[in-house]
There are 2 protein chains.
Amino acid sequence: MDKPYKEFLTAHGIKSTTQRNIVLDLLHEMDGPASAEDLYLKAVSLYPSVNLSTIYRMLELFHSKNIVVKNMLSESKKTIYELNTDTHKHYMVCMKCKRIFPLEHCPCFLIEKAVSEYSDFEIRDHKLEIMGYCASCK
Amino acid sequence: MDKPYKEFLTAHGIKSTTQRNIVLDLLHEMDGPASAEDLYLKAVSLYPSVNLSTIYRMLELFHSKNIVVKNMLSESKKTIYELNTDTHKHYMVCMKCKRIFPLEHCPCFLIEKAVSEYSDFEIRDHKLEIMGYCASCK
DNA sequence: ATCAGTGCAAAAGCTTTGCAGCGGT
DNA sequence: ACCGCTGCAAAGCTTTTGCACTGAT
């Protein structure tokens, strides 16, 4: 089992293990966010002895190192994870096919500006979730 | 035990019970959203035999009748409930005191307009969650 | 009297944790 | 050889469900 992310992991001060390399690879290949179970199911087919709790611990570790971002969409009650690209993470969720479409360019500044005009709240971050129908479902 | 919401409940086609009147009263008196457990703890002090599962069933029923709205904020993993006032429900969460401030006037149109300019997604609803520091914590 | 509503207990679903053994450095 | 990582099993937490009894109409 080769470990393509060995340097990346040691640079973050954490050990390079087979499981971590597999999960990092899966995270890189995904086009959207995934739940711990999604990742687990994919990882099992590559490395059958892997355990769900290892995935959870790993994702939590990656999160603490800012390698992945965590989110939760209101419908699912499941935490979703994806690589941190240092951009805001907002999503459009299709109400029919349930697919999640990451939204890279969010008009954040419009929101923050408008909100700050009528409230005494110091905004540090925000989450936006958009629901509707995707191009193929509408 | 008087039942101030009897007419309201029968108008929605559901029976007026002591427990439902208590919870409706609690919902009216709150200034923000509350979890099922929050409501349960308040209800128990007024009606000790009440059960958490009754609260959940009631809130789900109220939700199906559009009497309450459900939401979940990303930090908590708990569903929060509040009376439906037919306005969008967005929240500002203080990162220090954890209090939740409902945001009545959201610049929704700005978001929807900007998003529709660069995506082929038919927007039906959206959720906005703002994190930062409230006036007394910042 | 009927049948929806309730309390209780158990289960379900997602996530976390304790512990002993394994594996990377 | 050390100590962090992992697998396994059990527990934790929120929410749901089955069932028999209660209470509103």
Side-chain angles (χ1 to χ4, degrees), chain A residues 1-24 33-41 43-65 67-68 70-81, chain B residues 1-24 33-41 43-65 67-68 70-81:
Chain A
M1 186 72 67
D2 60 330
K3 296 180 181 164
Y5 299 97
K6 179 167 180 169
E7 285 171 35
F8 175 81
L9 287 163
T10 52
H12 278 85
I14 53 186
K15 276 189 187 170
S16 167
T17 66
T18 305
Q19 294 91 327
R20 286 174 182 175
N21 276 266
I22 288 173
V23 171
L24 271 181
S35 68
E37 195 181 10
D38 292 338
L39 290 163
Y40 168 69
L41 292 174
V44 160
S45 63
L46 302 170
Y47 192 82
S49 74
V50 76
N51 192 274
L52 224 201
S53 63
T54 304
I55 306 285
Y56 274 110
R57 274 189 279 231
M58 194 186 303
L59 290 168
E60 198 51 43
L61 178 67
F62 289 171
H63 176 62
S64 76
K65 300 286 184 186
I67 297 169
V68 309
K70 287 169 69 172
N71 267 297
M72 203 174 34
L73 303 185
S74 28
E75 308 308 318
S76 67
K77 284 225 169 261
K78 277 182 162 181
T79 304
I80 54 177
Y81 305 85
Chain B
M1 185 72 67
D2 59 329
K3 296 180 181 166
Y5 298 97
K6 179 166 181 170
E7 285 170 34
F8 175 81
L9 287 163
T10 52
H12 278 85
I14 52 186
K15 276 189 188 169
S16 167
T17 66
T18 304
Q19 293 91 327
R20 288 174 182 174
N21 276 267
I22 287 173
V23 171
L24 271 181
S35 68
E37 194 182 10
D38 293 338
L39 290 163
Y40 169 69
L41 292 174
V44 161
S45 65
L46 301 170
Y47 192 82
S49 75
V50 76
N51 193 273
L52 225 201
S53 63
T54 303
I55 306 285
Y56 274 109
R57 275 189 278 231
M58 195 187 303
L59 290 168
E60 198 51 44
L61 177 68
F62 289 170
H63 176 61
S64 75
K65 301 285 184 185
I67 298 169
V68 309
K70 287 169 68 170
N71 267 298
M72 202 173 34
L73 303 185
S74 28
E75 308 308 317
S76 68
K77 285 225 169 265
K78 276 182 162 181
T79 303
I80 54 177
Y81 304 84

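Naming: A, B, ... by sequence-line order, numbering from 1 per chain.
Each salt bridge (charged side-chain N to carboxylate O under 4.0 Å, His left out) pair with one or both residues in residues 8-19 of chain A, not counting sequence neighbours, would appear here, but there are none. Screening residues 44-62 of chain A for salt bridge (charged side-chain N to carboxylate O under 4.0 Å, His left out), with sequence neighbours left out, gives A/Glu60-A/Lys70.
At whole-Å resolution of the value, CG in B/Asp38 and P in D/dT14 are 10 Å apart. Taking atom CD of residue B/Glu37 and atom P of nucleotide D/dC13, one finds them 10 Å apart after rounding to whole Å. When the C1' atom of D/dC13 is taken as reference, atom CE of A/Met72 falls 13 Å away, rounded to whole Å.
Close to C/dC14, at under 4.0 Å from its OP1 or OP2, lies no side-chain N or O of A/Lys77.
When atom types are taken as modelled, the side chain of B/Asn21 and the backbone of B/Tyr5 share a donor-acceptor pair closer than 3.5 angstrom.
Listed by residue number, A/Leu52, A/Ser53, A/Tyr56, A/Arg57 are the residues of residues 51-59 of chain A with a heavy-atom contact under 4.0 Å to DNA chain C.
Looking only at side-chain heavy atoms (C-beta outward), A/His63 and A/Tyr81 stay at 4.5 Å or farther from each other. Looking at heavy atoms from C-beta onward, B/Leu9 lies in side-chain contact with B/Leu24 at the 4.5 angstrom threshold.
Here C/dT6 is the nucleotide among C/dT6, C/dT15, D/dT14 with the atom lying nearest to any side-chain atom of B/Gln19.
Taken from NZ in A/Lys78 to CG in A/Asp38, the straight-line distance is 6.0 Å, to the nearest 0.5 Å.
Residue-to-nucleotide proximity on DNA chain D shows that, of A/Arg20 and B/Ser35, the 5′-proximal contact is made by A/Arg20.
Looking at residues two or more places apart in sequence or on another chain, you find a side chain to side chain contact (heavy atoms under 4.5 Å, CB included) between B/Lys77 and A/Met72, A/Thr79. A/Leu61 is linked by a side chain to side chain contact (heavy atoms under 4.5 Å, CB included) to A/Ile14, A/Arg20, A/Ser64, A/Lys65, counting only residues two or more places apart in sequence or in another chain.
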Every protein N/O lying under 3.5 Å from an N/O of nucleotides 21-25 of chain C:
unit_1 : atom_1 : unit_2  : atom_2 : d
C/dG23 : N2     : A/Lys15 : NZ     : 3.2
C/dG24 : OP1    : A/Lys3  : NZ     : 3.3
C/dG24 : O3'    : A/Ser16 : O      : 3.4
C/dT25 : OP2    : A/Lys6  : NZ     : 3.4

